[in-house]
Amino acid sequence: MLLDRSHTCGELRKENDGEKVILMGWVDRQRDHGGIIFIDLRDRYGITQVVFNPSAKNVYATGKTLRGEFVIAVKGFVEKRPDDMLNDSLATGHIEVVAEEVEILNVAKTPPFEIADNVDVSEEIRLKYRYLDMRRTAMQRNLILRHRMAQITRQFFDENSFIEIETPMLMRSTPEGARDYLVPSRVHHGKFYALPQSPQTYKQLLMVAGFDRYFQIVKCFRDEDLRADRQPEFTQIDVEMSFVNQEHIFRLVEELMVRYMDEILGIKLELPIQRMTYAKAMELYGSDKPDLRFGLAMVELNDLVESCDFRVFVDCVKNGGAVKGISVPGAAKYSRKQQDDLIELAKQLGAKGLVPVKVGDNDWQSNLNKFFDEDTRKQIIDRMQASNGDLLLIVADNREMTNEVLGNLRLKIAQDEGLIKEDNFALLWVTDFPLLEFDTEEERYVARHHPFTSPSDEDLHLLESAPGDVRAKAYDLVLNGTEIAGGSIRIFKKDMQQKMFKLLNISDEEAYSKFGFLMDAFEYGAPPHGGIAFGFDRMAMLFAGRKSIRDVIAFPKTSSAISLMDGAPSPVGSKQLKELGVKLAR
RNA sequence: GGGACCGUGGUGUAGUUUGGUUAACACGUCGGCCUGUCAAGCCGAAGAUCGCGGGUUCAAGUCCCGUCGGUCCCGCCA
């Protein structure tokens with residue numbers, strides 16, 4: 001077999017004119033003119049045109065038989081193309097390779113879809129034949145971008161004295177957080193390992209061990225339902241540092257973001273990255289991960305409407321609710337149906353209603369018009385920075401609902417109105433998250449981040465009296481409305497950790513049996529520490545300009561957690577089950 | 001667990017609202033012609049019983065029920 005490849009299909013230039021070369025790759029296209037035949041030869045580096053002349057009888061005969069996706073080796077010489085036959089859309093478009101010898105390394109069936117970027121194929125088919133899908137340049141570009149991000153990451157953390165340490169994939173199941181993937185133990189019937197939701201406890205133990213700067217690019221597993229940005233197995237950049245506060249972590253992460261932006265996108269990122277408290281994010285954008293590529297912030301109107309004649313608003317304020325609105329520039333042109341659709345959406349989201357107000361020169365086109373005098377209308381318009389031709393959307397409900405509904409409407413409208421500049425990258429730190437969240441189903445507080453997160457010093461006095469109001473030393477990094485990283489300063493003292501478990505209504509007994517190893521470790525000189533974890537797939541998705549992390553994962557699962565290519569998950573034989581001591585419930 | 005949309009030659013779609021004989025188009029595939037194309041061109045051909053099962057009807061791609069699969073969303077995701 002002809003296997004001494006001299007060049008890739010992306011590197012020959014006119015300077016190589018006359019050189020003898022051997023190329024290998026896949027037949028991308030064949031253009032048979034009856035006499036002369038052109039073959040576009042493709043590998044991951046590019047495409048090179050190969051010419052078969054009828055005068056070279058044996059080679060020509062083989063050239064005739066070539067079909068799409070055949071794998072071939074071509075020996076020949078590089079020839080500059082005539083001036084009027086250059087192809088500037090190809091990096092190698094100024095040369096071609098004249099075939100002198102060709103070997104078919106392997107034939108190929110006609111693929112189920114064309115290996116071309118401009119051909120639309122359903123994701124179902126793409127996933128079934130993922131190995132063909134990944135031959136397409138769009139997928140190759142995505143995976144190469146992901147690779148470069150991984151290299152930048154390793155280099156960056158290495159330069160900053162971080163050590164990459166692997167942690168177990170088979171660990172003990174933990175009670176808090178996402179559902180675990182379980183692995184039955186063959187050696188210990190009735191016992192199970194869990195796949196890590198994250199290496200959280202291990203990295204804290206590495207801090208106790210004195211590896212004061214740790215990172216890892218690591219797979220994590222969560223047995224929860226999927227989304228465009230959620231897969232059951234995904235990759236994190238896991239980071240932990242000792243002797244640091246939040247500011248140290250921000251500084252480090254910001255430098256990393258500068259590096260990504262520069263080397264991946266060619267964008268100079270200005271530091272520092274903008275910050276916003278969780279409370280403010282909720283008040284202004286109704287989201288803990290606001291997309292700041294556009295405005296449409298919410299404006300509160302309670303004081304302006306509390307004494308008007310519109311009962312709904314008055315009662316809302318009286319009952320401690322919030323009357324808020326967003327102003328959509330130029331949207332007074334919306335039809336009745338468009339407005340009704342927005343109202344319907346607001347109701348689906350749980351709001352009791354939504355009042356649209358078309359802003360005219362001197363009046364409002366709205367049911368509200370009659371309830372407000374001219375002066376109040378003007379105050380409302382001023383506060384909302386609205387002008388003639390805008391559409392105000394006003395919601396009155398309890399504060400959480402108002403925020404949530406308007407936050408969702410804001411996103412929908414921005415999409416519909418094309419307010420989102422796709423090539424913008426808006427980074428934001430969201431800080432001061434609540435420590436706890438009341439779970440109405442379990443009727444107890446649960447950790448919003450995780451149970452190892454340290455409460456804020458200034459809220460410590462509220463731990464017993466008003467646990468729901470305690471803020472945490474927790475932070476998220478948000479890019480274009482997607483959470484790309486989250487972390488916290490951790491608890492590193494045993495008594496505080498015990499107090500935390502108590503707040504979460506986890507008994508001493510349970511806490512000790514599940515996390516005793518961590519609390520034991522805290523008694524042997526645990527340094528103060530904190531960290532962060534990046535959603536690597538999500539970052540790659542955003543940098544690649546994709547809408548789903550499946551586009552930056554080589555072999556992703558469908559939204560029902562199935563692998564269409566290999567058919568996982570699958571039933572297993574009774575022998576395997578017996579070995580594991582597992583019986584299936586009927 | 002729930003909601004929305006989707007499933008028609010190899011691929012992507014039209015046809016489904018208003019049931020009616022031969023299911024249309026593009027790309028791809030195959031064959032023929034063609035010595036400079038590069039999404040080659042021209043001519044021709046093959047290829048789908050409409051995801052699957054059941055029902056209504058004289059008649060179902062089209063209506064109804066169920067089911068499987070895909071996508072997005074809610075719940076869930078510390």
Rounding to a whole Å, what distance do you find between A:L349:CG and B:G3:P? 17 Å
Using a heavy-atom cut-off of 4.0 Å across all strands, would you classify A:R230 as base, sugar-phosphate, or nothing? base
Watson-Crick or G-U wobble partner of B:U67, both distances under 3.5 Å: B:G51
For atom C1', what is the distance between B:G1 and B:G20, given to the nearest Å? 43 Å
Rounded P spacing from B:A45 to B:U18 in Å: 38 Å
Protein-to-nucleotide contact annotation, 5' to 3' order, nucleotides 36-41 of chain B [B base; S sugar-phosphate only; - none; under 4.0 Å, heavy atom]: BBBBB-
Between B:C34 and B:A48, how far apart are the C1' atoms? Round to whole Å, please. 33 Å
If you find the nucleotide of RNA chain B closest to A:K547 and the one closest to A:S198, which residue's nucleotide is nearer the 5' end? A:K547
Can you tell me how far P in B:U13 sits from the matching atom in B:C72, rounded to whole Å? 16 Å
Atom NE2 of A:H450 to atom C1' of B:C77: distance rounded to whole Å? 15 Å
Between B:G1 atom P and A:L226 atom CG, what is the distance in whole Å? 14 Å
Name the nucleic acid region contacted by A:V446, choosing base, sugar-phosphate or nothing; use a 4.0 angstrom heavy-atom cut-off, strictly under. nothing
Does a side-chain N or O of A:S560 approach OP1 or OP2 of B:G69 to a distance below 4.0 Å, or not? no
Describe the nucleic acid contact of A:T174 in one word from base, sugar-phosphate, nothing, applying a heavy-atom distance below 4.0 Å. nothing
Over all strands shown, is A:R550 touching base, sugar-phosphate only, or nothing at heavy-atom distances under 4.0 angstrom? sugar-phosphate
Could you tell me how far apart A:Y129 (OH) and B:G70 (P) are, to the nearest whole angstrom? 15 Å
In short, ring-ring contact (aromatic ring centres under 6.0 Å, His included) pairs touching residues 215-236 of chain A with sequence neighbours left out are A:F157-A:F215
Quick one: look up who B:U62 pairs with, Watson-Crick or G-U, both distances under 3.5 Å, and put none if it's unpaired. none
Salt bridge check: are A:E176 and A:R444 linked by an N-O gap of less than 4.0 Å? yes
Verdict with supporting geometry, A:R67 and A:T110, side-chain contact (heavy atoms from CB on, under 4.5 Å): CA-CA 8 Å; A:R67 293 292 179 272; A:T110 301; over 6 Å; no
Mind checking A:P112 for me? I need base, sugar-phosphate or nothing, with any heavy atom below 4.0 Å counting as a touch. sugar-phosphate
What is the base-pairing partner of B:G44, counting Watson-Crick and G-U wobble geometry with both distances under 3.5 Å? B:C30
With rounding to whole Å, what would you report as the distance between B:C58 and B:G69 at their C1' atoms? 34 Å
Closest-nucleotide 5' rank along RNA chain B - winner of A:T110 and A:F113: A:F113
B:A14 versus B:C6 - spacing of their C1' atoms, nearest Å: 15 Å
Which part of the nucleic acid, if any, lies within reach of A:I125 when heavy atoms closer than 4.0 Å are counted: base, sugar-phosphate only, or nothing? sugar-phosphate
